[in-house]
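A quick write-up on the structure given underneath.
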Amino acid sequence: MSRRISPPVRTASASYYNPQNRRYLHPFINCTACGPRLTILDSMPYDRERTSMGEFTMCPECEYEYTHASTRRYHAQPVCCNDCGPELYIIGREERGNEALIYTRKIIREGGIAAVKGIGGFHLCCDALNADAVKRLRELKHRPVKPFAVMMKDMDTVRRECITEEGQDRILTGPQKPIILLQKKDAGTLVCGGTAPGNPRLGVMLPYAPVQMLLFGYPDGETISDCFVMTSGNPSGAPICMDDEEAVHYLSPMCDAILSNPRKIRIRADDSVMSYYRDLPYMIRRSRGYAPLPQIMPESSGHSVLGIGGELKNTFCYARDDMYYPSPYIGDMADLRSMRALEAAEVRLGRLLEIDPEIIACDMHPGYNTTSEAKKLASEKSIPCIEVQHHHAHIASCMAENGFADDVIGVSFDGTGYGSDGTIWGGEFIKADLKSFERLGSIEPFTHAGGDLASKEGWRIAVSLLLDAYEDRDEALSVIDRLGLASGNDVKAQLFMLGNGVNTTRSTSAGRLFDAVSAVLGVRMSSSFESEASMALEFAAGSFAGSVPQCSIKMFAEDTADELFRLNTTGLARYIAEARLGGMRMRKLPRFSMRSSRR
């Protein structure tokens, strides 16, 4: 005879941390208002049997809650409890359940590194107050200075470490739980400088999965840090790991333990990243919690379209009529593993949204892996593939995000993108609507010498700019030497490449211009991660307390052959170089200490 289940009594004491509650300290607790959705979904409609939770048979109590509208877990698809849900385990060890969690806390408490499976993939986790642990994670992840995200236990901890503006608290504690870039406090903080070296801001998020809350607050009688580094669990250039096989292969060399569980992740979802500008939030990386929530356009296209996205920081987008569904963040497509993740996510998201595209859109760069993928898909489906100019796509996406369909003057300043004239663009002024564009002007083109190294070593661009800025080469070389940009064989190699057109290209890249100015000012000569030199330049500018001098250079170049206006970037580089050599006061960023600030 089956056991009769009584309706659960809802009282204030029936909580996660109440020992009398049958879900006391349950690592997979959720109700209809929380828990995973996209990352466990196999197909629509969203019912339990079409999620990865369908593999776990509900106990009678959970089944009652799931099937009765009087309960707060009515049709909460991932519903489960300690008796019928997934169980935590340490890969390669015997610890399971509570013992696995206690072991992971011990690893972190003693300065080790743990890989932890969350909602959309694995994180690498260590004590953010322990400088030695953070330094070791940097060495193992081959990430010398790029900032780490920090997960903080609660808002009291956030306010101890950072300055929060109006509205940021609401987003930090809201259901999406993104990473938000917050201003660090100058005093009274405990997070070690190595988490975000030389950076005045810190990427902060609160726990959004029960297992993360348990890592901070499991009652095992041991105290633990209230701040964890919680960075994406992936090797450089690859997507976030989503299953045990990937975690063992890629993360084992970077950690001391892997805390996992048998609930399968169907689609990767990295953490969303957000900043604030003029008291308003803006998205840096749209992913977990925000994708694939649709953007609604003011007019319908009348078509179903798949936009494959760019090569770097890739996301793709499905559109049908006036609804545009951006995917979670995928990553950089130069890595074959990222391409495989892109292909898998395209298939799954298209099936979930029930969109079969009539058209595929891609970047017009002939060398992008995403371009090849788009043309292959279009050929397989026998549908058109439309190439879109890179910077027009940037501007059109801003228009779409703001629901704007009229003509605009768009300013697109980024790294590089393939231009419609076959050259490399990057700092562009464009008249555009959603269907077409006209290039009006750009920053002045300059030469990159050194191939891929030029995108990482801003001093190379600075040398090129200064050689163009002076008619007298000896004068230019004197300035380059006095600035400490290059000397000896480095200068000879640059002169040879620039003089003979060897391993060189011309572009209007705004990103490379910022890197060059950073080098001229002695802020950063090179970058260990994308945009490091430009970020350091931004931070240095933000820390400058003096009055800003009037720039006296002529800002527009004359008589351009292509009838475009050009911003005088070579003149700007010369002005900045001579201002620095002339003794104009500068304020450099303070050095950071790798010593622990644990109290």
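For the numbers below, each heavy atom of this structure counts, side chains included, while hydrogens, waters and symmetry mates do not. Throughout, residue positions are numbered sequentially from 1 according to the sequence presented.
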Measuring from atom [atom1] of [X] to atom [atom2] of [Y], what distance do you get when rounded to the nearest 0.5 angstrom?
| X | Y | atom1 | atom2 | value |
| --- | --- | --- | --- | --- |
| Arg473 | Ser478 | CZ | OG | 13.5 Å |
| Cys126 | Leu140 | SG | CG | 10.0 Å |
| Thr195 | Asn130 | OG1 | CG | 12.0 Å |
| Ile171 | Met205 | CD1 | CE | 15.5 Å |
| Tyr282 | Leu181 | OH | CG | 7.0 Å |
| Tyr470 | Glu475 | OH | CD | 5.5 Å |

Minimum heavy-atom distance [X]-[Y], with the two atoms named:
| X | Y | value |
| --- | --- | --- |
| Lys185 | Cys162 | CE-O, 3.5 Å |
| Val408 | Phe404 | CG1-CE2, 3.4 Å |
| Ile330 | Ala345 | CD1-CB, 4.1 Å |

Can any side-chain N or O of [X] pair as donor or acceptor with the backbone N or O of [Y] at less than 3.5 Å?
| X | Y | answer |
| --- | --- | --- |
| Glu387 | Asp363 | no |
| Arg580 | Val520 | yes |
| Arg288 | Ser272 | no |
| Arg574 | Ala469 | yes |
| Gln295 | Ala400 | yes |
| Lys184 | Gly193 | no |
| Thr504 | Met497 | no |
| Asp243 | Glu245 | yes |
| Asp332 | Lys313 | yes |
| Asn369 | Met333 | yes |

Do [X] and [Y] come within less than 4.5 Å of each other through their side chains, counting heavy atoms only?
| X | Y | value |
| --- | --- | --- |
| Asp490 | Gln494 | no |
| Phe122 | Met242 | no |
| Lys456 | Glu530 | no |
| Ile180 | Val273 | no |
| Met230 | Val150 | no |
| Ile576 | Leu521 | yes |
| Ile430 | Glu438 | no |
| Asp433 | Asp406 | no |

Salt bridge [X]-[Y], side-chain N to carboxylate O under 4.0 Å:
| X | Y | answer |
| --- | --- | --- |
| Glu578 | Arg482 | no |
| Glu532 | Arg524 | yes |
| Arg460 | Glu457 | yes |

Taking the inter-plane angle between the rings of [X] and [Y] on a 0 to 90° scale, is it parallel (under 30°), tilted (30 to 60°) or perpendicular (over 60°)?
| X | Y | result |
| --- | --- | --- |
| Phe429 | Phe565 | tilted |
| Phe437 | His392 | tilted |
| His390 | His394 | perpendicular |

For [X], is the [atom1] atom crowded, meaning more than 12 foreign heavy atoms sit under 6.0 Å from it?
| X | atom1 | result |
| --- | --- | --- |
| Asp452 | CG | no |
| Lys141 | NZ | yes |
| Lys492 | NZ | no |
| Tyr277 | OH | no |
| Asp186 | CG | no |
| Arg506 | CZ | yes |
| Phe529 | CZ | yes |
| Asp279 | CG | no |

* Given Glu343 and Arg348, is the salt bridge (Lys or Arg N to Asp or Glu O under 4.0 Å) satisfied, shown in steps? -> CA-CA 9 Å; Glu343 292 165 2; Arg348 182 166 293 275; over 6 Å; no

Assess, by modelled atom type and distance only, whether the side chains of [X] and [Y] contain a donor and an acceptor separated by less than 3.5 Å.
| X | Y | result |
| --- | --- | --- |
| His123 | Asp271 | yes |
| Arg566 | Ser442 | yes |
| Asp270 | Ser232 | yes |

* To do: Give the intermediate values and the outcome of side chain to side chain contact (heavy atoms under 4.5 Å, CB included) for residues Ile359 and Ile383.
  => CA-CA 6 Å; Ile359 302 167; Ile383 59 176; 5.8 Å; no

* To do: Apply the side-chain contact (heavy atoms from CB on, under 4.5 Å) test between Thr570 and each candidate in Leu467, Leu465, Leu466; give the one that qualifies.
  => Leu465

Any cation-pi pair here, [X] with [Y], using under 6.0 Å and within 45°?
| X | Y | result |
| --- | --- | --- |
| Arg138 | Phe148 | yes |
| Arg512 | Phe446 | no |
| Arg439 | Trp425 | yes |

* When you look at Glu428 and Thr508, which way does the side-chain hydrogen bond (donor to acceptor under 3.5 Å, both in side chains) test go after all the steps? -> CA-CA 8 Å; Glu428 308 303 316; Thr508 57; 2.5 Å; yes

* side-chain hydrogen bond (donor to acceptor under 3.5 Å, both in side chains) assessment of Thr231 paired with Arg143 -> CA-CA 11 Å; Thr231 188; Arg143 188 169 172 170; 3.1 Å; yes

* **Criterion side chain to side chain contact (heavy atoms under 4.5 Å, CB included) on Val388 and Met364, from CA distance to verdict** => CA-CA 5 Å; Val388 181; Met364 67 190 309; over 6 Å; no

* Determine, step by step, whether Ser507 and His448 satisfy the side-chain hydrogen bond (donor to acceptor under 3.5 Å, both in side chains) criterion, reporting the C-alpha distance in whole Å, the side-chain angles of both residues, the deciding distance to 0.1 Å, and the verdict. => CA-CA 8 Å; Ser507 87; His448 307 223; 2.5 Å; yes

* Residue pair Val305, Ile360: steps toward the side chain to side chain contact (heavy atoms under 4.5 Å, CB included) verdict -> CA-CA 6 Å; Val305 181; Ile360 293 180; over 6 Å; no

